[in-house]
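Whatever order the structure lists them in is the order used to number ligands and atoms, beginning at 1. None of the values given here were measured: they were computed from a predicted structure. Numbers here are sequence positions counted from 1.
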Amino acid sequence: MKIIIIGAGPAGLSCAFHLAKHGHNVEVYEASNLIGGMARSFDLWNQRVDLGPHRFFSKQKEVNDFFIELIKDDYTLVKRQTRIFYNNRYFDYPLKLGNVLKNLPFVTVIGILWHYFLQRLKPIKEPKNFEEWVTNRFGKKLFELFFKNYTEKLWGIKCSQIDADWAAQRIKNLSLFEAVKTAIVGNRGNKHKTLIDEFAYPNHGTGTIYERAVDYIHANGGNVFLNKPIKRVLLDENNTTAKGIELIDGTICYADSVVSTMPLTLLVKGLQAVPDAVSDAISKLYFRNTILVYLEINQEFLFTDNWLYIHSPNVKHGRVTNFRNWSPHLNKDQKSTILCMEFWCFENDEIWNGDENNISKTAQEEIYKINLIPPSAQILNTKIIKIPKCYPVYETGYQSNLNEIVTYLKTIKSLYPIGRYGAFKYNNQDHSILMGILAANNIMGKTETDLWLINTDTEYHEKGKSMNKNDTLR
Ligand SMILES: Cc1cc2nc3c(=O)[nH]c(=O)nc-3n(C[C@H](O)[C@H](O)[C@H](O)COP(=O)(O)OP(=O)(O)OC[C@H]3O[C@@H](n4cnc5c(N)ncnc54)[C@H](O)[C@@H]3O)c2cc1C
């Protein structure tokens, strides 16, 4: 069998890896000159960095096996340290009781509990949006204090316009009771993924997983072509079976199956004879972009967090990562520290299209404003990386548009759309890897998994075990 895979990110490469392992002929076409997609690592100012924070966590055996087979023992179990910056104060996250009581006025704590109990007495029966879902679970006061600002900064739309789906996927079974319990006794056994306090991290950056997957694919007869953007997927004369791809440069390649991790919107727009209802649905799906601003600071030890959530509405950025605190190998004994700040925006926003010097200036001003680095610290260098289509926006009603598209795509044989923007799912690396593995199993005829059903809840449906450093030492 010959299988063409569009995109060399976690989804595409895990799929190619599994197919190559079973002796199939795989060709991966990647638009950029880089391996790893949004989960890549790269060298910067003689150090190594990722695209923002990239913790790896999965309870799926096959996902952890993929990680271990490639990374072997070359990883660190990182003790997560994160905080939330709000109202000029830093809160430990996951919350710790003493820290909350120290940072919040007593009257606010009483207000949180009061609103929580009011909400319990009169819950919203079927919460439809993020605001209702979170208010139901945590009470109005906590929603306003801890969820509203950050969520609206991230998505660029009101919490009442965000589908409850997103909250259900990301916050899952966490409740105020569980958050308080965790604040007192800790998140024993990583019960709540939202609060997971330890994660695996490849010593030389998360992208190492994917660089090694490419080596494996090449060593097993497959090919990964860089700088090869795909224009469209080609269908047979009945428009019912994928038969190959057309590259932007006009080259045509045929295959028995095509796996696509390119943006779902672009995939569908490129297909022949798409029904009007599907075109209409695809025009209603949209993404949020990210601008990363890397800063090189002339100091070795600034703070111990892996990353911080910046909830305060008086600054534009929403998250800061400190790569020095992930693995000692990233820093390569340099005396400086690299931080990465995240700004979120839409494609038409001024910040996305405007002068990069302005973003850089804003980032520099804001990093001092939130007191994360001392006034004496100097910023030696800045670098900007723009990530288009980073977050599929789960606006209320998106699901019915997605259903229309999925129903249509299911009529096309030998085409497997998977991945984060590939399937319009808020995937982490582990979900994209799982999709890649399961797509490979379907292609090989081993399974008939409905790949559209895989989402961030999958791990809760199957009993797996989380990664244990001893696993690699057996
Ligand atoms: C700031 C940030 C923080 C994150 N934090 C975490 C985290 O803590 N933990 C975690 O697990 N995950 C995290 N993620 C998510 C993780 O990066 C993604 O889930 C993962 O990279 C998705 O893999 P994918 O293969 O589905 O898509 P991608 O990584 O987007 O890969 C898709 C690939 O397809 C290529 N492509 C697109 N169009 C075409 C085309 N027309 N032709 C050919 N190639 C094409 C792209 O160039 C890209 O290489 C984070 C992401 C970001 C941006």
(request) List in chain and number order the residues that pass salt bridge (Lys or Arg N to Asp or Glu O under 4.0 Å) with Asp65, two or more places apart in sequence or in another chain; answer none if no residue qualifies. (result) Lys61
(request) Look only at interatomic distance and state if Leu292 has a nitrogen or oxygen under 3.5 Å from any nitrogen or oxygen of ligand 1. (result) no
(message) Suppose I only count heavy atoms of Pro229 and a 4.0 Å limit; which atoms of ligand 1 are within that range?
(response) 42 (N)
(request) Take every heavy atom of Pro263, measure it against each atom of ligand 1, and state whether any distance is under 4.0 Å. (result) yes
(request) Using non-hydrogen atoms of the residue, decide whether Cys390 is closer than 4.0 angstrom to ligand 1. (result) yes
(request) Identify the protein heavy atom lying closest to atom 29 (O) of ligand 1, giving its residue, its atom name and the separation to 0.1 Å. (result) Met38 N, 2.8 Å
(request) Taking only Lys NZ, Arg NE, NH1 and NH2, and the carboxylate oxygens of Asp or Glu, determine whether Lys413 and Asp256 approach each other closer than 4.0 Å. (result) no
(request) Would you please indicate yes or no on a ring centroid separation below 6.0 angstrom for Tyr201 and Phe56? (result) no
(request) Give the residue and atom name of whichever protein heavy atom lies nearest to atom 31 (O) of ligand 1, and the separation in Å to one decimal. (result) Gly9 CA, 3.5 Å
(request) Kindly confirm or rule out an N or O of Gln429 lying under 3.5 angstrom from an N or O of ligand 1. (result) yes
(request) Answer side chain, backbone, both or neither: which part of Tyr421 comes under 4.0 Å from ligand 1, heavy atoms only. (result) side chain
(request) Just go through Glu30, Arg232, Lys389 and tell me whose heavy atom is the nearest to atom 47 (O) of ligand 1. (result) Glu30
(request) Pick one of side chain, backbone, both or neither for how Met435 approaches ligand 1, counting any non-hydrogen atom pair under 4.0 Å. (result) neither
(request) Under 4.0 Å, heavy atoms only, figure out whether ligand 1 is touched by the backbone of Leu51, its side chain, both or neither. (result) backbone
(message) Can you report which non-hydrogen protein atom sits closest to atom 41 (N) of ligand 1, along with the distance?
(response) Ile230 O, 3.1 Å
(message) If you measure every N or O of Phe56 against every N or O of ligand 1, does any of those distances drop under 3.5 Å?
(response) no
(request) Do me a favour and list the nearest non-hydrogen protein atom to atom 25 (O) of ligand 1 with residue, atom name and distance? (result) Ala11 N, 2.8 Å
(request) Number the atoms of ligand 1 from 1 as they appear, then name those within less than 4.0 Å of a heavy atom of Pro10, with their elements. (result) 20 (C), 21 (O), 23 (O), 24 (P), 25 (O), 29 (O)
(request) Using a strict cut-off of 4.0 Å, indicate which atoms of ligand 1 neighbour a heavy atom of Asn427. (result) 15 (C), 18 (C), 19 (O)
(message) For Tyr93, is there any backbone N or O sitting under 3.5 Å from a side-chain donor or acceptor partner on Arg83?
(response) no
(request) Please say whether Arg420 places an N or O atom under 3.5 Å from an N or O atom belonging to ligand 1. (result) yes
(message) I'd like to know if the side chain of Asp163 reaches the main chain of Asp165, judged simply by a donor and an acceptor atom lying under 3.5 Å from each other, with no hydrogens or angles considered.
(response) yes
(message) Any carboxylate oxygen within less than 4.0 angstrom of a Lys/Arg side-chain nitrogen, looking at Glu347 and Lys389?
(response) yes
(request) State whether Lys410 and Asp450 are salt-bridged, where the test is any N-O pair (Lys NZ or Arg NE/NH1/NH2 against Asp/Glu carboxylate O) under 4.0 Å. (result) yes
(request) Record the part of Ser432 in heavy-atom contact with ligand 1 below 4.0 Å; permitted values are side chain, backbone, both and neither. (result) side chain
(request) Report the distance from atom CD1 of Ile245 to atom OG of Ser260, rounding to the nearest 0.5 Å. (result) 10.0 Å
Under 3.5 Å, side-chain donor or acceptor atoms of residues 26-36 against the rest of the protein: list the pairs with distances, not counting sequence neighbours.
unit_1: Glu27; atom_1: OE1; unit_2: Tyr29; atom_2: OH; d: 2.7
unit_1: Glu30; atom_1: OE1; unit_2: Ala8; atom_2: N; d: 2.7
unit_1: Glu30; atom_1: OE2; unit_2: Ser32; atom_2: N; d: 2.9
unit_1: Glu30; atom_1: OE2; unit_2: Ser32; atom_2: OG; d: 2.7
unit_1: Ser32; atom_1: OG; unit_2: Leu34; atom_2: N; d: 3.1
unit_1: Ser32; atom_1: OG; unit_2: Leu34; atom_2: O; d: 3.4

(message) If the threshold is 4.0 Å, N to carboxylate O, is there a salt bridge linking Glu365 and Lys369?
(response) no
(message) What protein heavy atom lies closest to atom 39 (C) of ligand 1? Include the residue and the distance to one decimal.
(response) Met262 CB, 3.7 Å
(request) For atom 16 (C) of ligand 1, grab the closest protein heavy atom and report residue, atom and distance to one decimal in Å. (result) His54 NE2, 3.5 Å
(message) Between Lys386 and Glu342 (salt bridge meaning N to carboxylate O under 4.0 Å), is one present in this structure?
(response) no
(message) Whether the side chain of Ser414 engages the backbone of Ser257 through a donor-acceptor N/O pair (distance < 3.5 Å, no angle test) should be reported.
(response) no
(message) Among Tyr150, Trp352, Trp155, exactly one meets ring-ring contact (aromatic ring centres under 6.0 Å, His included) together with Trp344. Which residue is that?
(response) Tyr150
(request) May I ask you to identify the nearest protein heavy atom to atom 8 (O) of ligand 1, giving residue, atom name and distance to one decimal place in Å? (result) Arg55 N, 3.0 Å
(request) Report yes or no: do Thr304 and Asn325 form a side-chain donor-acceptor pair below 3.5 Å? (result) no
(request) Sort out for me which residue in Phe91, Phe85, Tyr309, Phe138 forms a ring-ring contact (aromatic ring centres under 6.0 Å, His included) with Phe146. (result) Phe91
(request) Report, in ascending order of atom number, the atoms of ligand 1 lying under 4.0 Å from any heavy atom of Pro53. (result) 3 (C), 4 (C), 5 (N), 6 (C), 7 (C), 8 (O)
(message) I need the nearest protein heavy-atom contact for atom 43 (C) of ligand 1: residue, atom name and distance, please.
(response) Ala31 N, 3.2 Å
(message) Can you name the atoms of ligand 1, numbered from 1 with element, that are less than 4.0 Å from a heavy atom of Gly7?
(response) 33 (C), 34 (O), 35 (C), 44 (N)
(request) Run the numbers for me: atoms of ligand 1, each under 4.0 Å from some heavy atom of Glu342, listed by number. (result) 1 (C)
